[in-house]
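For the single chain, residues carry numbers from 1 onward in sequence order. The basis for the numbers below is simple: all heavy atoms, side chains too, and nothing from hydrogens, waters or symmetry mates.
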Amino acid sequence: MLSYVPFSSLVLPAVPQLRHKIDLLQMKYLIVGLGNIGDEYRGTRHNIGFRILDALAEASNIAFKTERYGDVARMRLKNKQLILLKPSTYMNLSGNAVRYWKEKENIDLGHILVVVDDIALPFGAIRIKPSGSDAGHNGLKNIAAMLNTQAYARLRFGVGNDFPKGCQIDYVLGHFSLEQRQQMPVRVDIACDAIKAFCLSGIDFAMCNFNNK
């Protein structure tokens with residue numbers, strides 16, 4: 001009588017290189033912080049994605065290097081490999097950088113996390129979602145167009161919406177208030193912890209533990 005043998009046990013042991021490749025894909029993550037390059041944009045609300053990735057890299061004692069389509073840093077998080085990307089394409093063309101690095105590093109769509117500012121949230125609030133609309137954010141809109149899907153995870157960091165009607169652009173390209181800058185280190189640290197949770201424990205865990213923190 002023949003016993004059932006799972007397909008994986010028949011194939012994967014015979015090709016250890018394939019098993020190793022699959023393991024590498026499962027451990028690799030692309031973390032994208034959105035923003036605009038240039039000193040005039042440094043520290044603005046729209047560049048909160050850059051700020052959060054800078055903090056994550058600094059805490060891990062790693063540095064960014066300028067590569068194609070952006071500044072890139074690589075860090076280890078237990079058994080995970082994180083590729084931190086700050087696109088140099090300017091916000092409205094961020095999708096070009098995301099698609100390039102996704103394909104270059106063979107990163108699964110479910111292992112991409114985009115860190116972005118959100119005027120619909122109060123300052124410092126965090127919302128992690130596995131997918132969704134761009135909500136009028138040009139960076140997210142371009143990423144969805146380049147990936148041909150909106151089904152990628154994003155971490156939205158609240159920057160508030162204390163601006164008169166018609167002044168949204170000036171607001172997001174402006175700087176945080178003194179009070180907000182004083183609170184910033186704590187809120188950025190929480191965002192960094194949320195990114196780590198996404199990579200180590202999955203998006204459901206990260207949403208449950210950080211969306212109302």
Side-chain angles (χ1 to χ4, degrees), residues 24 26-39 41-67 69-88 91 94 97-98 101-102 104-105 107-108 110-118 121-130 139 152-160 175-213:
L24 288 177
Q26 292 173 342
M27 292 189 296
K28 191 179 293 188
Y29 289 79
L30 178 62
I31 311 300
V32 185
L34 297 191
N36 288 310
I37 60 173
D39 290 340
Y41 298 110
R42 191 183 307 276
T44 62
R45 297 180 177 91
H46 222 23
N47 272 34
I48 191 64
F50 280 12
R51 183 191 288 258
I52 292 171
L53 260 62
D54 284 340
L56 186 59
E58 182 178 355
S60 301
N61 294 314
I62 59 174
F64 283 90
K65 296 181 180 179
T66 298
E67 300 191 34
Y69 287 126
D71 289 348
V72 176
R74 292 170 173 82
M75 63 176 282
R76 299 293 302 184
L77 182 63
K78 294 188 177 180
N79 66 330
K80 311 295 184 182
Q81 179 184 354
L82 277 59
I83 299 170
L84 312 183
L85 169 65
K86 298 190 296 181
S88 58
M91 184 70 76
S94 299
V98 176
W101 283 96
K102 176 186 183 300
K104 174 180 172 59
E105 297 290 340
I107 295 176
D108 184 82
H111 285 191
I112 295 175
L113 179 65
V114 178
V115 184
V116 62
D117 61 296
D118 192 337
L121 297 174
F123 169 76
I126 292 172
R127 293 293 183 275
I128 303 169
K129 296 179 64 177
Y152 60 89
R154 65 287 310 269
L155 185 157
R156 296 177 180 268
F157 186 99
V159 297
H175 291 80
F176 292 97
S177 68
L178 175 60
E179 181 181 1
Q180 291 171 340
R181 292 198 299 272
Q182 291 172 338
Q183 299 172 8
M184 184 71 73
V186 172
R187 304 312 305 174
V188 168
D189 283 348
I190 292 173
C192 290
D193 286 343
I195 292 171
K196 295 176 183 177
F198 169 81
C199 298
L200 292 174
S201 303
I203 191 166
D204 289 338
F205 178 89
M207 291 170 60
C208 181
N209 286 273
F210 289 92
N211 274 0
N212 294 309
K213 199 163 183 176

**Request:** Report the C-alpha separation of Gln81 and Lys28 in whole Å, then their side-chain angles, then the decisive distance to 0.1 Å, and conclude whether the side chain to side chain contact (heavy atoms under 4.5 Å, CB included) test is met.
**Result:** CA-CA 5 Å; Gln81 179 184 354; Lys28 191 179 293 188; 3.7 Å; yes

**Request:** Check step by step if side chain to side chain contact (heavy atoms under 4.5 Å, CB included) holds for Leu82 and Ser60.
**Result:** CA-CA 11 Å; Leu82 277 59; Ser60 301; over 6 Å; no

**Request:** Give the C-alpha distance, both sets of side-chain angles, the deciding distance and a yes or no for side chain to side chain contact (heavy atoms under 4.5 Å, CB included) between Met75 and Leu56.
**Result:** CA-CA 9 Å; Met75 63 176 282; Leu56 186 59; 3.9 Å; yes

**Request:** Would you check, one step at a time, whether the test side chain to side chain contact (heavy atoms under 4.5 Å, CB included) holds for Ile126 with Leu155?
**Result:** CA-CA 7 Å; Ile126 292 172; Leu155 185 157; 4.0 Å; yes

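Looking at every heavy atom in both residues, Tyr29 comes nearest to Ile107 through C-CD1, 4.0 Å. Contact between Ala97 and Leu85 at its shortest, heavy atoms only, is O-CD2, 3.8 Å. Of all heavy-atom pairs spanning Lys80 and Leu200, the tightest one is CG-CD2, 3.9 Å. Ala197 approaches Phe210 most closely through the heavy-atom pair CB-CE1, 3.6 Å. When all heavy atoms of Phe157 and Val188 are compared, the closest pair comes out as CE1-N, 4.4 Å. Residues Ile37 and Tyr41 share a closest heavy-atom pair of O-CD1, 3.1 Å.
The backbone N or O of Val72 sits nowhere less than 3.5 Å from a side-chain atom of Arg74 that would complete a donor-acceptor pair. For the pair His46 (side chain) and Leu34 (backbone), a donor-acceptor distance under 3.5 Å is absent. Between the side chain of Arg127 and the backbone N or O of Asn211, at least one donor-acceptor pair lies under 3.5 Å. The main-chain N or O of Gly35 is never found under 3.5 Å from a side-chain atom of Asn47 such that the two would form a donor-acceptor pair.
Taking CG of Asn79 as the start and SG of Cys199 as the end, the distance is 10.5 Å to the nearest 0.5 Å. Expressed to the nearest 0.5 Å, how far CG of Asp108 lies from CG of Leu30 amounts to 11.5 Å. The line from OG1 of Thr44 to CZ of Phe50 is 9.0 Å long, rounded to the nearest 0.5 Å. Distance check: Ile128 CD1 to Phe198 CZ gives 8.5 Å after rounding to the nearest 0.5 Å. The CZ atom of Arg42 sits 4.5 Å away from the CG atom of Asp39 when rounded to the nearest 0.5 Å. Note: Ile62 CD1 to Leu84 CG = 5.0 Å, rounded to the nearest 0.5 Å.
Surrounding CD of Gln183 are more than 12 heavy atoms belonging to other residues, nucleotides or ligands, all under 6.0 Å away.
Phe123 has its ring centre less than 6.0 Å from the ring centre of Phe176.
Remark: of the listed residues His175, Arg187, Arg45, Arg45 is the sole one forming a side chain to side chain contact (heavy atoms under 4.5 Å, CB included) with Gln180.
One finds no salt bridge joining Lys104 and Glu67 here, because no Lys/Arg side-chain nitrogen approaches an Asp/Glu carboxylate oxygen to under 4.0 Å.
Checked against side chain to side chain contact (heavy atoms under 4.5 Å, CB included), Asp54 has the following partners two or more places apart in sequence or in another chain: Phe64, Lys86.
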